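Naming convention: chains lettered A, B, ... in sequence-line order (proteins, then strands); numbering from 1 in each chain. This is a predicted model, so every value here is computed, not measured.
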2 protein chains.
Amino acid sequence: MVTAKAWALKKHFEGLPKTNDFELKTIELPKLKDGELLLQSVFLSVDPYMRPYSRRDMKEGDIMIGTQVARVVESKNPAFTVGAFVLADRGWRTHFISDGKGLYFLPSPWPESLPRSLALGTVGMPGLTAYFGLLEVCKVKPGETVLVTAAAGAVGSVVGQIAKIAGCKVVGCAGSDAKVAYLKKIGFDEAFNYKTVASLDEALRKASPDGYDCFFDNVGGEFSSIAVNHMKKYGRIAVCGAISQYNTTVLQKGPYIQPPMIFKELRMEGFIVSRWNDRREEGLKALMKWIMEGKVKYHEQVTEGFANMPAAFIGMLQGENLGKAVVKV
Amino acid sequence: MVTAKAWALKKHFEGLPKTNDFELKTIELPKLKDGELLLQSVFLSVDPYMRPYSRRDMKEGDIMIGTQVARVVESKNPAFTVGAFVLADRGWRTHFISDGKGLYFLPSPWPESLPRSLALGTVGMPGLTAYFGLLEVCKVKPGETVLVTAAAGAVGSVVGQIAKIAGCKVVGCAGSDAKVAYLKKIGFDEAFNYKTVASLDEALRKASPDGYDCFFDNVGGEFSSIAVNHMKKYGRIAVCGAISQYNTTVLQKGPYIQPPMIFKELRMEGFIVSRWNDRREEGLKALMKWIMEGKVKYHEQVTEGFANMPAAFIGMLQGENLGKAVVKV
């Protein structure tokens, strides 16, 4: 008999989540039936989307949702051997039972030199989000200028590097000088700290006086409204996230964007990466190849211990992470 | 020697334009040189776009821009015979000289039963705007539900009727009960007066409880922010105009729209009809065919007299027109 630990939403978040909005539960797992397997989470992901999801789709008491890299510890399913690593969407749990459905094997063979946690980051959902958002929503072309917000985050850092591979000039915006230094290190042409510049308008103009062809928006809010005015004619805006709005308690407002949308003929499109589930393999293969070639670099913010999941989540929402935030169980 | 009259922008508009923001000028036209022709405006167009254009691209003293149906009254250009009707973009003038460049002949033969002013409306720029915006930006499909604002205007009324031809359910929103009655008369499935409904949110829900696949937005502002929340997954928003914002003196604000854009994966695109200049003939041919078949009905608000151009323009900006507002010289 295995006892799993799991984090539940104790109380709907108001503003920034607090550690006592979560409750640690213990769940006694039954014996495996034929076709089932027992898995142990090795790495768990904390991602921005969990915050708006909790409000829209969860009730108090539900286990927090999310993805993990898990190892098979016992199996009555011939498709899964003990010791195998898979990707699962089973939320904030140390252990869980599966019938095998909805599990993905990690890209195989997994390179020795890489941590398996990358399957939650650059070679996982955030990497795919960058890949399809930039190539399919922005449809970047060589020679174009791309603006990325939350550029040092799990998605943004990959967006910028793929844009460089695609032959673009890349401007990144992040919330600390250390992040800005990191962006320059991984190849961003320009980067600035939105918290310390005197004027966002001026910073955007200085970084690209001719404006931007593409804007990969992870942040929303005031920055996005300003950025719209810096787009070139026929510019494309991929709306990937709106982290600036996830913890607000009062509905935030900004200038209506229709006038610049019209006279610059801009296209703005919101997207969720699952739209390209049928092209998952293509994306993962490209990302893994670029990492092995050194064209895409990665950084992870690893928090140790399942007990610290709420803290890792809250820290990530405040932008404390550089690159992908993961929890090592 | 011909003396033309022309309306100039005397003073940049603040808020709603006032008649004394305009100045009537007289311009002595020189004798024609070889290759030139003298034209007389027969119908002049007043359109919403002139308001933001004046602020962005005009200086005080400039002649107001715009399109006219004009008749050739004298010609030293073999391509244009006296009596021919053309479409020109020469602004608010009674007469003007042209070298023939930039003039379009009206669709020929022009049907006896139709006023030539339609070349400024349903069989002109506003009709083409509806045609390409709905078919190329919204990309409507049979069975979809389409929302149109300023639905009784020059563009909106054509959008709704083309959407019906395309096999869609159409919901229109307008600013008077007479307009709402007109919309129902020309085939809109649902229509409501945004000025008198208790709640826009409720009116939108009632008109289409399942939401909207496409939203052809002529208005912008608060209505648009509410409508975004009524879009279906993968909905498309064609941003054609933002007339609610053209006469504001203080920058208006509304809720940031990124969160619903993301979780519904919406696409929003601003456009200007000149993007499809190379497909002009196709669009005009389709519109003319539908009019002759009775599938697209039209209504014009004709103001008599060149002296009344400013009043016609101001009235149109306030939504006093049903259908296309034109001035008969």
Given that the side chain runs from C-beta out, which part of [X] has a heavy atom under 4.5 Å from chain B: side chain, backbone, both or neither?
X	value
Ile272(A)	both
Pro52(A)	neither
Ile237(A)	neither

Under 4.5 Å, counting heavy-atom pairs only, tell me which of [options] racks up the most with chain B.
options	answer
Gly220(A), Pro260(A), Pro255(A), Pro259(A)	Pro255(A)
Val219(A), Ile262(A), Val137(A)	Ile262(A)
Gly241(A), Ala242(A), Gly254(A)	Gly254(A)

Using only distance (under 3.5 Å, no hydrogens or angles), which donor-acceptor pairs connect chain A and chain B?
unit_1, atom_1, unit_2, atom_2, d
Glu222(B), N, Tyr256(A), OH, 3.3
Gln252(B), O, Tyr256(A), N, 3.3
Lys253(B), O, Tyr256(A), OH, 3.2
Gly254(B), N, Gly254(A), O, 2.8
Gly254(B), O, Gly254(A), N, 2.8
Tyr256(B), N, Gln252(A), O, 3.3
Tyr256(B), OH, Glu222(A), N, 3.3
Tyr256(B), OH, Lys253(A), O, 3.2
Glu265(B), OE1, Ile272(A), N, 3.1
Glu265(B), OE1, Arg275(A), NE, 2.7
Glu265(B), OE1, Arg275(A), NH2, 3.0
Leu266(B), O, Gly270(A), N, 2.8
Met268(B), N, Met268(A), O, 2.7
Met268(B), O, Met268(A), N, 2.7
Gly270(B), N, Leu266(A), O, 2.8
Ile272(B), N, Glu265(A), OE1, 3.1
Arg275(B), NE, Glu265(A), OE1, 2.7
Arg275(B), NH2, Glu265(A), OE1, 3.0

Taking C-beta and beyond as the side chain, do Ile257(A) and Ile257(B) meet within less than 4.5 Å on heavy atoms?
yes
